[in-house]
Amino acid sequence: MRVDVLTLFPEAFSAPLGVSIVGRAQKNDIVEIKIHDIRRFSHDKHGKVDDRPYGGGPGMVIKPEPIFEAVEFIKKEVPRSHRRVILMTPQGETFSQKKAIELSGSAHLTIICGRYEGVDERVREVLVTEEISIGDYVISGGELAAMVVIEAVVRLLPGALGDENSVRSDSFSEDFLEYPQYTRPPEYRGMKVPDVLQSGDHEEIHKWRRREALKRTFQRRPDMLGRIKLTEEDKMFLREIKEQGV
Ligand code: ADE
């Protein structure tokens with residue numbers, strides 16, 4: 001996969017994308033991430049890329065020319081791409097695991113990070129194919145939001161996770177909230193690790209984890225349960241939880 005990012009703050013990306021899964025995926029050529037400074041495409045000798053909004057009002061709007069020219073530059077570098085151009089904005093579709101899975105099937109993504117009061121509407125109308133928000137709150141710009149999307153997508157690319165992790169993502173862990181995890185010591189300040197996890201009985205451990213994940217999802221995110229295909233055993237367990245009121 002190749003990801004091109006357009007930003008006014010290219011330096012913001014190096015540390016977060018240089019470490020852990022994404023850092024390793026870049027080193028192993030699973031993903032190539034190119035960060036482009038929008039100011040490089042400015043026509044102004046001071047590198048100015050924004051201007052006052054027509055009609056008045058506070059703040060500044062990113063001008064269309066540098067964004068159009070940056071995207072055209074990328075098109076030349078990646079000629080046969082499908083041209084998915086994503087704008088990070090609180091007005092976009094709320095990001096989700098489903099969207100991450102969908103994006104991970106693309107060979108090339110271009111991500112525009114908005115700033116200030118926004119970008120000129122003509123960028124939206126002509127260049128942008130989808131708009132993504134990372135949640136119903138406003139942050140100062142699209143940079144952190146773009147990094148969230150990149151991180152969520154890259155870890156889904158084949159080979160990005162180690163073996164141990166990829167096995168786990170095959171299980172129910174993507175649909176339910178995570179089950180409780182424990183490591184050594186078996187007892188800490190009087191708090192014991194559940195016996196079943198130390199039993200070595202893999203079938204019982206699997207059952208316990210599924211139930212705990214189901215319980216946690218029911219308690220914290222009941223809205224998610226409607227989207228999950230439940231087995232007869234799950235349904236029975238859910239009825240038990242509801243009856244016990246836990
Ligand atoms: N830019 C500012 N706030 C944002 C959000 N919530 N999601 C995506 N981009 C943003």
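The figures here come from the full heavy-atom set of this structure, side chains too, leaving out hydrogens, waters and symmetry mates. Indexing begins at 1, ligand by ligand and atom by atom, following the structure's order.
Atoms of ligand 1 found under 4.0 Å from any heavy atom of Ile132, numbered from 1 in the order shown, are 8 (C). Shown in contact with Ala145 at under 4.0 Å from a heavy atom are these atoms of ligand 1, numbered in order with element: 8 (C), 9 (N). Here is the list of ligand 1 atoms found below 4.0 Å of a heavy atom in Gly141: 1 (N).
Looking at Asp136 against ligand 1, nothing comes within 4.0 Å, counting heavy atoms. Of the heavy atoms in Ser133, both backbone and side-chain atoms come closer than 4.0 Å to ligand 1.
Partners of Phe41 according to the ring pair (Phe, Tyr, Trp, His ring centres under 6.0 Å) rule, which considers only residues two or more places apart in sequence or in another chain, are Phe73. Taking Glu65 as the reference, Lys63 meet the salt bridge (Lys or Arg N to Asp or Glu O under 4.0 Å) condition, with sequence neighbours excluded.
Summary of contacts: the protein heavy atom closest to atom 6 (N) of ligand 1 is Tyr137 O, 2.8 Å. From the protein, the heavy atom lying nearest to atom 9 (N) of ligand 1 is Thr89 N, 3.2 Å. For atom 10 (C) of ligand 1, the nearest protein heavy atom (residue, atom name, distance) is Pro90 CD, 3.5 Å. Ile139 N, 3.2 Å is the protein heavy atom nearest to atom 3 (N) of ligand 1.
Among Arg83, Lys99, Arg124, the one residue that satisfies the salt bridge (Lys or Arg N to Asp or Glu O under 4.0 Å) test with Glu130 is Lys99.
Between the side chains of Arg84 and Thr129, no donor N or O sits under 3.5 Å from an acceptor N or O. Residues Thr89 and Glu131 bring no donor and acceptor atom of their side chains to less than 3.5 Å of each other.
Of the options Ile86, Leu144, Ile134, the smallest heavy-atom separation from atom 7 (N) of ligand 1 is shown by Ile134.
Ion pairing between a basic and an acidic side chain is recognised when a charged N comes within 4.0 Å of a carboxylate O; Arg115 and Glu143 show such pairing.
Atom-to-atom distance recorded for Ile111:CD1 and His36:NE2 is 11.0 Å, nearest 0.5 angstrom.
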